[in-house]
Protein chains: 2
Amino acid sequence: MTSAAAPRPGRPPDPDIEPRVLDATLHIYAEVGWAGFTMDAVARRARVGKAALYRRWQSKEKLIVAALASLTTPVMAESTGSLREDLLAMAIRTLRAQQSRDGLVGIRAQIEAKFYPELFGQAMEDLGRQWRTIFRSLVLLAIERGEIPKGTSPALVLDAVNGILVNHVLSTPLDKMPALVEDAPRYAETVVDFVLSSIGYREPA
Amino acid sequence: MTSAAAPRPGRPPDPDIEPRVLDATLHIYAEVGWAGFTMDAVARRARVGKAALYRRWQSKEKLIVAALASLTTPVMAESTGSLREDLLAMAIRTLRAQQSRDGLVGIRAQIEAKFYPELFGQAMEDLGRQWRTIFRSLVLLAIERGEIPKGTSPALVLDAVNGILVNHVLSTPLDKMPALVEDAPRYAETVVDFVLSSIGYREPA
């Protein structure tokens with residue numbers, strides 16, 4: 001029996017501590033990055049005692065890694081049956097995520113993984129591998145359906161769709177972001193069709 | 001006469017204080033971001049007294065803005081006479097910058113501009129505008145030379161080349177970065193040819 005399963009008398013168990021703490025962790029990390037990240041700030045924002053925080057995660061290093069692992073990728077595991085539709089869905093989710101905290105967390109952690117590889121490196125590689133694996137299977141299905149040529153590089157298609165979107169979001173001033181998100185479906189089409197035209201896409205029969 | 005022009009007796013003037021301080025500022029900012037940025041750290045790294053630092057820049061806000069304004073864009077103002085060559089040169093410079101501090105500073109500041117628009121917003125917009133203006137003129141020259149169709153969007157081409165590169169660098173683990181930089185000319189060709197094939201590029205006559 002772990003200590004987490006045996007709450008001290010007089011203190012009611014707190015069933016949703018984990019999502020609340022991970023959410024607070026991502027919020028604070030998005031705003032201040034690793035250099036400004038403190039357990040105090042997480043405890044305050046999640047309305048959790050510091051003792052409970054340390055009991056469950058031991059250190060701020062363990063906490064941030066757990067929070068990064070909780071991020072979801074914007075790629076859907078199930079193909080719609082059309083690569084164009086698959087990419088559009090991913091692009092719209094990516095655009096919306098970029099405006100929100102989670103997208104910025106992901107980019108921030110990718111940058112900080114270059115400075116603190118021992119801390120973020122593994123978590124970011126795991127996330128990246130998960131994303132690339134799902135994406136690769138969508139591209140292979142499209143090749144099977146004859147929509148794109150054999151030998152199309154899934155990595156290049158992913159870098160292209162995702163890179164164009166992220167670059168566009170990052171170079172959009174904050175006050176123009178609501179208009180960009182409003183316009184997400186149209187901008188996603190522009191980007192996806194740009195990428196598809198480069199790889200010789202043909203509509204599925 | 002400003003106080004900077006009248007050094008106190010006994011203290012020799014320090015002619016290269018500005019480049020040294022801006023360099024230290026970018027170095028520290030790249031590593032810790034705004035939340036961890038302090039004038040103390042800059043003074044230590046630049047081997048400059050804090051008084052001299054404050055005399056010249058007044059606040060850490062003014063210092064970071066001056067340092068960001070000193071970043072250069074990887075686009076060259078002069079066209080080589082071929083859009084493909086222009087893009088290759090930019091791509092190689094971008095790849096090399098991404099491995100270095102300045103590229104990461106740029107992305108970090110783009111992210112933090114979303115959280116502290118009053119601090120970074122203007123500096124990042126100025127840098128972006130400078131970059132886009134130079135880039136647009138390269139694309140317009142290529143249209144004039146008949147290399148790409150009229151109506152090609154400079155913004156989309158820039159987002160594409162730059163976005164693919166940055167996304168690729170950000171998703172490359174630190175220990176694979178030296179190989180990527182080594183391979184920069186070949187990877188730059190892959191990316192540039194991918195983008196050019198999407199916009200219907202033809203070699204100049």
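Heavy-atom basis, side chains included; hydrogens, waters and symmetry copies ignored. A, B, ... follow the sequence lines: proteins, then strands. Residue 1 opens every chain.
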Q: Take atom CZ of Arg20(A) as the centre, draw a 6.0 Å sphere, and report whether it contains more than 12 heavy atoms from other residues, nucleotides or ligands.
A: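 Yes - once you tally the heavy atoms of other residues, nucleotides and ligands closer than 6.0 Å, there are more than 12.
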Q: Could you give the distance from CD1 (Ile111(B)) to CD (Gln110(A)), rounded to the nearest 0.5 Å?
A: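 So the gap between those two atoms works out to 8.5 Å.
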Q: Please identify, among Leu165(A), Thr172(A), Val166(A), the residue contributing the most non-hydrogen atom pairs under 4.5 Å to chain B.
A: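 Result: the option with the highest number of such pairs is Thr172(A).
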Q: Does any heavy atom of chain B fall under 4.5 Å from the side chain of Tyr201(A), the backbone, both, or neither of them?
A: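 No part of it gets close to chain B.
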Q: Without swapping roles, check the side chain of Ser198(B) against the backbone of Phe194(A) for a donor-acceptor pair under 3.5 Å.
A: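 Checked: pair present.
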Q: Let's test your reading of the structure: which of Ala160(B), Gly128(B), Ala113(B), Gly121(B) forms the most heavy-atom pairs below 4.5 Å with chain A?
A: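 Top option by heavy-atom pairs under 4.5 Å: Ala160(B).
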Q: At a heavy-atom separation under 4.5 Å, does Phe115(B) approach chain A through its side chain, its backbone, both, or neither?
A: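 Interface part for Phe115(B): side chain.
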Q: Quick check on Arg136(B): does its CZ atom have over 12 non-hydrogen neighbours (other residues, nucleotides or ligands) under 6.0 Å away?
A: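 Counting neighbours around CZ of Arg136(B), 12 or fewer heavy atoms of other residues, nucleotides or ligands fall under 6.0 Å, so no.
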Q: Heavy-atom distances under 4.5 Å only: say whether Val161(B) touches chain A with side chain, backbone, both or neither.
A: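 Looking at Val161(B), nothing touches chain A.
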Q: Got a donor-acceptor contact below 3.5 angstrom from the Lys114(B) side chain to the Val169(A) backbone?
A: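 Pair found, side chain donor or acceptor close to backbone of Val169(A).
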Q: Side chain from CB out, backbone as N, CA, C, O: work out which of these in Leu196(A) comes under 4.5 Å of a heavy atom of chain B, or both, or neither.
A: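 Neither the backbone nor the side chain of Leu196(A) comes within 4.5 Å of chain B.
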Q: Would you mind checking which part of Ala30(B) comes under 4.5 Å of any heavy atom in chain A, side chain (CB onward), backbone (N, CA, C, O), both or neither?
A: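 For Ala30(B), heavy atoms of backbone and side chain both lie under 4.5 Å from chain A.
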Q: In this structure, are over 12 heavy atoms from other groups packed under 6.0 Å from Arg129(A) atom CZ?
A: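 Yes.
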Q: If I take atom CG from residue Asp159(A) and atom CG from residue Leu170(B), how far apart are they, to the nearest 0.5 angstrom?
A: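 Separation between the atoms: 10.0 Å.
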Q: Could you state the interatomic distance from CG (Leu156(A)) to OG1 (Thr190(B)), rounded to the nearest 0.5 Å?
A: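 Going from CG on Leu156(A) over to OG1 on Thr190(B), the span is 7.0 Å.
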Q: Measure Glu125(A) against the heavy atoms of chain B and call it side chain, backbone, both or neither at under 4.5 Å.
A: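 Looking at Glu125(A), just its side chain touches chain B.
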Q: Among Gly200(A), Pro173(A), Gly36(A), single out the residue with the greatest number of heavy-atom pairs under 4.5 Å to chain B.
A: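 The answer is Pro173(A).
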Q: Roughly how far, to the nearest 0.5 Å, is CG of Asn162(B) from OG of Ser171(A)?
A: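 Separation between the atoms: 8.0 Å.
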Q: Could you tell me whether Glu118(A) atom CD has more than 12 heavy atoms of other residues or ligands within 6.0 Å of it?
A: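 Atom CD in Glu118(A) is crowded, with more than 12 foreign heavy atoms closer than 6.0 Å.
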Q: Report the distance from atom CD of Glu112(A) to atom CZ of Arg108(B), rounding to the nearest 0.5 Å.
A: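 One gets 4.0 Å once the value is rounded to the nearest 0.5 Å.
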Q: At a heavy-atom separation under 4.5 Å, does Phe37(B) approach chain A through its side chain, its backbone, both, or neither?
A: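 No part of Phe37(B) comes within 4.5 Å of chain A.
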Q: To the nearest 0.5 Å, how far apart are CG in Leu158(A) and CG in Asn167(B)?
A: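 Here the rounded value is 6.5 Å.
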Q: Check the pair Val32(B), Trp34(A) against side chain to side chain contact (heavy atoms under 4.5 Å, CB included), reporting the backbone distance first and the verdict last.
A: CA-CA 7 Å; Val32(B) 297; Trp34(A) 185 242; over 6 Å; no
Q: Got a sec: does the CD of Gln58(B) have more than 12 other heavy atoms crowding it under 6.0 Å?
A: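 Enclosed.
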